[in-house]
Amino acid sequence: MSVNAEKKPTDFIRTIIEQDLARNLNDGRVVTRFPPEPNGTLHIGHAKSICLNFGVALQYPNGRCHLRFDDTNPEKEEIAYVQSIQEDVRWLGFDWGTNLFYASDYFERLYELAEVLIQKGLAYVCSLTAEEMRDYRGTLTQPGRESPYRNRGVTENLEMFRAMRAGRYPDGAHTLRAKIDMSSPNINMRDPTLYRIRRAHHHQTGDRWCIYPTYDYTHCISDALEGITHSLCTLEFEDHRPLYDWILDQLQGELSCHPQQIEFSRLELEFTVMSKRMLTTLVTGHHVSGWDDPRLPTISGLRRRGYTPASIRNFCRLIGITKAPNYVEMALLENCLREDLELNAPRAMAVLDPLRVILDNLPEDHLEELVVANHPQNDALGTRKIPLTRELFIERDDFAEHPPKGFKRLVPGGEVRLRNAYVIRCQEVIRNPQTRAIEALRCLVDLETMNKAPEGRKVKGVIHWVSAQRHCKVQVRLYDRLFTIPQPADPKAGGSFLDHLNPDSLRILEDRPVEESLARAQPEQQVQFERLGYFCPDRRDSKPGQPVFNRSVSLRDSWKK
RNA sequence: UGGGCCGUCGCCAAGCGGUAAGGCACCGGAUUUUGAUUCCGGCAUUCCUAGGUUCAAAUCCUAGCGGCCCAGCCA
């Protein structure tokens with residue numbers, strides 16, 4: 001399914017855009033941008049923003065969405081992240097064409113415009129220390145006080161700002177601040193910092209600059225320079241909108257447009273964490289294997305887990321765009337994957353907890369090649385051959401000596417259908433003489449039941465199996481939710497979010513028998529292990545002929561005891 | 001008595017003055033060589049609360065209540 005073919009969602013932002021178009025604002029242009037800071041990898045929350053921004057642009061014949069790195073804080077940013085972010089956006093199915101930008105592309109222009117603000121008496125060089133500035137800022141309930149440097153003359157401000165750029169002051173000695181209103185109830189308007197002195201190597205501009213502009217100053221101007229029409233961001237920037245507008249208003253003569261900032265609520269997902277800080281803690285503290293650990297909600301993690309781009313896009317469509325706080329259930333995400341894979345994933349059989357079965361009425365060397373469909377509904381997926389031999393493995397919990405009510409699987413003296421093969425009857429349970437543990441089952445196979453129901457009786461159970469003589473053995477990783485509670489990041493949950501890590505979020509099973517055909521499974525090719533779930537060869541750890549399977553999601557199971 | 005924003009089913013979410021869409025989850029039931037899928041059916045006399053306006057309110061007004069965000073030279 002192409003990105004374009006997916007059903008178009010509607011939401012309050014798209015409604016605003018339609019209205020703007022109807023009023024012929026922006027000459028009918030629709031230009032959005034996805035502006036990540038390259039200081040971490042993308043997660044599903046970013047996917048929501050990506051789908052919104054690129055999705056909106058795709059809806060209009062001349063719509064565009066820029067990918068712009070918001071790289072104004074070199075101390076925290078790395079080139080590796082600018083690579084991984086591009087890979088993730090592309091993998092999700094979006095294309096920025098030639099519109100790849102960096103806020104750092106605009107450093108020179110940003111600097112010039114800062115001089116314009118100084119010249120207009122709207123910005124000044126402040127020599128307060130960081131602590132002093134905090135003190136002067138006031139609190140949420142008390143107004144701030146004006147900096148003693150607030151009324152420095154234009155000439156001196158200009159000289160000092162140029163000296164800042166020239167590297168004549170140590171880091172942190174001065175800042176450039178906007179002259180707005182220290183008594184504003186909106187703290188962002190209390191003379192916000194525009195530039196700081198920081199001798200840090202920048203991944204794009206190297207050592208050309210020792211002063212760096214702040215987000216608030218940079219973002220609105222970058223948007224304007226790129227001709228963005230709708231600057232979509234999350235709710236926490238609502239309080240920044242007055243500043244966004246203030247800067248663009250003061251620079252009106254210098255810039256050709258004034259983009260509209262619209263905020264929407266960020267995505268929260270149950271049983272995981274989404275904040276960059278917490279994700280970083282999980283990675284650096286080795287609570288997970290890396291940014292692409294399949295238990296993480298990162299794009300690369302979901303990818304490794306076996307999520308498809310279409311399933312993530314569909315998820316983002318289903319959750320919608322609003323301003324309401326939202327905590328989405330993991331079940332919705334999982335359902336999106338199942339929905340995609342149900343149609344598209346070929347089926348195969350694997351036994352994760354093997355119990356040996358001996359088919360007594362077959363000769364030792366019995367070998368029957370069964371031709372079976374790769375998908376029960378989708379014939380286009382073709383067929384494959386699987387060997388039926390005298391000994392096979394079935395799932396240990398598909399047999400019960402003392403079955404619970406409603407048990408439809410194998411019981412002593414009972415019958416069950418082997419998926420894609422014959423009906424068998426359990427004749428005898430073989431036990432370990434010492435431990436009394438069940439070691440194997442002796443069964444009789446009814447050769448009249450291939451592709452047809454047995455005479456005069458009903459067999460309701462169907463179980464999967466793998467030949468004990470002809471199979472390959474693989475490692476299987478069973479993933480579960482990373483946390484034990486729905487909102488681990490909520491301080492009301494008590495303790496640190498790390499206290500709620502699920503100790504059983506990963507179970508590694510070694511040497512599990514699966515169909516021989518699976519030895520050729522390629523990384524990222526999802527397959528359904530029948531009756532178990534969807535699995536996907538790990539793209540990091542699989543080797544040719546030796547796949548390692550990650551369980552992406554289990555099958556829905558209405559048989560819960 | 002700082003500012004901004006938000007409150008419609010367990011979770012998302014339509015609705016924008018004309019008498020509560022949809023998806024997920026859940027519960028039935030049918031079909032089924034995956035207890036899967038598919039299919040049918042059920043699932044808010046009620047929209048945070050209380051008043052008010054109106055023939056008519058989730059939608060308008062007023063007053064409350066609850067929740068989220070903001071005091072980086074982070075984004």
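Just so you know, these numbers use all the heavy atoms, side chains as well, and skip hydrogens, waters and symmetry mates. Every chain is numbered from 1, with letters handed out A, B, ... down the list of sequences.
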How far does the [atom1] atom of [N] sit from the matching atom of [M], given to the nearest Å?
N	M	atom1	answer
B:rU59	B:rG17	P	11 Å
B:rC6	B:rU32	C1'	46 Å
B:rG15	B:rC9	C1'	15 Å
B:rC24	B:rC61	P	36 Å
B:rA44	B:rA13	C1'	14 Å
B:rG42	B:rG22	P	11 Å
B:rC55	B:rC39	C1'	44 Å
B:rC16	B:rA58	C1'	10 Å

Report task. Examine A:Arg196 relative to A:Tyr212 and say whether NZ or CZ is less than 6.0 Å from the centre of the six-membered ring and inside a 45° cone about the ring axis. Result -> no
**Report entry** Cation-pi check, A:Arg152 onto A:Tyr124 ring (under 6.0 Å, within 45° of axis)
**Finding:** no
Looking at [N], I'd like to know if its phosphate oxygens (OP1 or OP2) sit under 4.0 Å from a side-chain N or O belonging to [X].
X	N	result
A:Arg531	B:rG35	yes
A:Lys492	B:rC68	yes
A:Asn335	B:rA25	yes
A:Thr129	B:rC73	no
A:Arg196	B:rA75	yes
A:Arg137	B:rG72	yes
A:Arg14	B:rA14	no
A:Arg241	B:rG4	no
A:Thr322	B:rA13	yes

Can you figure out which of [options] approaches the side chain of [X] most closely?
X	options	result
A:Glu236	B:rA75, B:rA25, B:rG35	B:rA75
A:Ala331	B:rG4, B:rC6, B:rA25	B:rA25
A:Asn73	B:rA75, B:rC6, B:rG3	B:rA75
A:Thr72	B:rA75, B:rG2, B:rU34	B:rA75

Checking base pairs now: Watson-Crick or wobble, both atom distances under 3.5 Å. What partners [N]?
N	value
B:rA75	none
B:rA56	none
B:rC68	B:rG4
B:rU38	B:rA30
B:rU46	none
B:rG22	B:rC12

Query raised in the report: Which glycosidic conformation, syn or anti, is assigned to B:rG41 if syn requires a torsion within 90° of zero?
Result: anti
Query raised in the report: Under 3.5 Å, side chain of A:Arg190 to main-chain N/O of A:Asp181, donor-acceptor pair present?
Result: no
In whole angstrom, give the distance that lies between atom [atom1] of [X] and atom [atom2] of [N].
X	N	atom1	atom2	answer
A:Gln487	B:rG67	CD	P	14 Å
A:Ile321	B:rC6	CD1	C1'	16 Å
A:Asp70	B:rA75	CG	P	8 Å
A:Trp559	B:rA36	CH2	C1'	16 Å
A:Arg266	B:rC12	CZ	C1'	18 Å

Requested in this report: Would you tell me whether A:His471 and A:Glu515 have side-chain atoms, one donor and one acceptor, within less than 3.5 Å of each other?
Outcome: no
Heavy atoms under 4.0 Å, any strand shown: does [X] hit a base, just sugar-phosphate, or nothing?
X	result
A:Asp171	nothing
A:Gly461	nothing
A:Gln142	nothing
A:Thr139	base
A:Tyr212	nothing
A:Lys408	base
A:Thr175	base
A:Ala130	base
A:Leu140	base

Query raised in the report: Charged N to carboxylate O under 4.0 angstrom, A:Glu415 versus A:Arg425?
Result: yes
**Report entry** Mutual orientation of the aromatic rings belonging to A:Phe107 and A:Trp209 [parallel < 30°, tilted 30-60°, perpendicular > 60°]
**Finding:** perpendicular
Query raised in the report: Any chance CD of A:Glu455 has more than 12 other-residue heavy atoms, nucleotides or ligands included, within less than 6.0 Å?
Result: no
Requested in this report: Verify the stacking flag for A:Tyr215 against B:rA75: centroid separation must be under 5.5 angstrom and the ring planes must differ by under 30 degrees.
Outcome: no
